[in-house]
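Encoded as structure tokens, the structure appears first; notes follow it.
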There are 2 protein chains.
Amino acid sequence: MHIIRSVSDADLLFKALSDPGRRKLMDRLHANDGQTLSELCRYLDMTRQGVTQHLAVLEAANLVAVQWRGREKLHFLNPVPLQEIYDRWISKFERLRLQALGELKRSLEEGSTDPKRRSKT
Amino acid sequence: MHIIRSVSDADLLFKALSDPGRRKLMDRLHANDGQTLSELCRYLDMTRQGVTQHLAVLEAANLVAVQWRGREKLHFLNPVPLQEIYDRWISKFERLRLQALGELKRSLEEGSTDPKRRSKT
DNA sequence: TTGACATGCAAGTAGTTACTTGCATATCAT
DNA sequence: ATGATATGCAAGTAACTACTTGCATGTCAA
């Protein structure tokens, strides 16, 4: 008995990026934006339907936008959601990282105590 | 018949971040680093075992490090892998984003053509 | 030493995900 | 018009994920 799952923007975004095939599609579009479905199929070892479904996930996460040209579907990257990941997740933890680096440096200079292993006094 | 799934570092990392409960744990640790398992359990509406398993995924992705103090298991954030996401995924697409902003600005100033919707001539 | 606390390990399960196959539809070129 | 191309939609399935329950183990405090 699971409770219902959240479907926030962040969820769609991280879920979309959690598959190596989808990340590969992002990479291929980064190398050459605006490719058709058939073109993108060449890079992945699966059926066209599989690729279609992966692209649909990327679209749902707003990482890829499509534009029709006749019978062809062109795919374009939208880098904005990635920036949101940075703002929400990377930059927030950046301070912590620099702080940890500082502590490491300091403890190395002082020569002894590991900053994480201080006793409970 | 699936082929075997990749288990690269990037995969562990994105998979770890793809669950809202695990992201919540990261947030709680960000607010207060070094909490025990029992403390972290208070924030999530699931059994201790569920939380344990989520923390194990974060550990496997190297996002959380543990340290034992008697019978208590303390959890500490490691922000370094997040930086790797930035280097590999965000910064790479940053140029594209700025470029798109520039094109948008230009096309707004010129007043007419949407840069993505140019005809095939 | 005993009981309460903090945690681990193993097995079971419902729901989700990542595919597949098969068929239908629209567009382009001749 | 006809065939080749580009794609969509629906249903089926194996593997995976996110949990749960039950029991075992180690540590602390009186």
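Lettering of chains follows the sequences in order, A, B, ..., and the numbering in each one begins at 1. Since this is a predicted model, take the numbers as computed values, not measurements. Every heavy atom of this structure was used, including side-chain atoms; hydrogens, water molecules and symmetry mates were not.
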Checklist entry - Once you round it to whole Å, what is the distance between C1' of C/dA6 and CH2 of B/Trp68? => result 7 Å
Checklist entry - Is a side-chain N or O of B/Arg48 found less than 3.5 angstrom from the main chain of B/Leu37, in a donor-acceptor match? => result no
Item to check | Nearest-Å distance for atom pair CG/P, residues A/Leu17 and C/dT17 | outcome: 15 Å
Checklist entry - Which nucleotide, D/dT17, C/dC19, D/dT7, lies nearest any side-chain atom of A/Thr36? => result D/dT7
Checklist outcome for this item: Among the nucleotides C/dT7, D/dT7, D/dC9, whichever has the atom closest to the side chain of B/Leu37 is C/dT7
Item to check | Exceeds 12 heavy-atom contacts within 6.0 angstrom, atom CG of B/Asp27 | outcome: yes
Checklist entry - If you check the B/His54 side chain, which of D/dT7, C/dC19, D/dC19 turns out closest? => result D/dC19
Checklist entry - With distance as the sole criterion, do the side chain of B/Gln53 and the base of C/dG8 form a donor-acceptor contact below 3.5 Å? => result no
Checklist outcome for this item: Considering only heavy side-chain atoms of A/Lys15, the closest of C/dT17, C/dA18, C/dG8 is C/dT17
Item to check | Quiz item: B/Glu72 side-chain donor-acceptor pair to D/dG26 base, under 3.5 Å | outcome: no
Checklist outcome for this item: Taken to the nearest whole Å, CG/A/Asp11 to P/C/dT17 is 9 Å
Checklist entry - Whole Å only: how far is the CG atom of A/Asp45 from the P atom of C/dA18? => result 16 Å
Checklist entry - Hey, is the side chain of A/Arg71 pairing donor to acceptor with the base of D/dT7 inside 3.5 Å? => result no
Checklist entry - Atom CD of A/Glu39 and atom C1' of D/dA6: how far apart are they, to the nearest Å? => result 11 Å
Next on the checklist: Regarding A/Gly70, tell me which of base, sugar-phosphate or nothing describes its non-hydrogen contacts under 4.0 Å with the strands shown.
Outcome noted: sugar-phosphate
Checklist entry - Between A/Arg22 and B/Arg48, which is nearer to the 5' end of DNA chain C once each is assigned its nearest nucleotide? => result B/Arg48
Next on the checklist: Please report the distance, rounded to the nearest Å, between NZ in B/Lys73 and P in D/dT27.
Outcome noted: 15 Å
Checklist outcome for this item: To the nearest angstrom, the CZ-C1' distance between A/Phe14 and D/dT17 comes to 18 Å
Next on the checklist: Measuring only between side-chain heavy atoms, which start at C-beta, is B/Val66 closer than 4.5 Å to B/Leu55?
Outcome noted: no
Item to check | Parallel, tilted or perpendicular: rings of B/Phe14 and B/Trp89 (30°, 60°) | outcome: perpendicular
Checklist entry - Would you call B/Leu74 and B/Thr36 a side-chain contact if the rule is heavy atoms closer than 4.5 Å? => result yes
Checklist entry - Taking atom P of D/dT20 as reference, at what distance in whole Å does atom CD of B/Gln49 sit? => result 9 Å
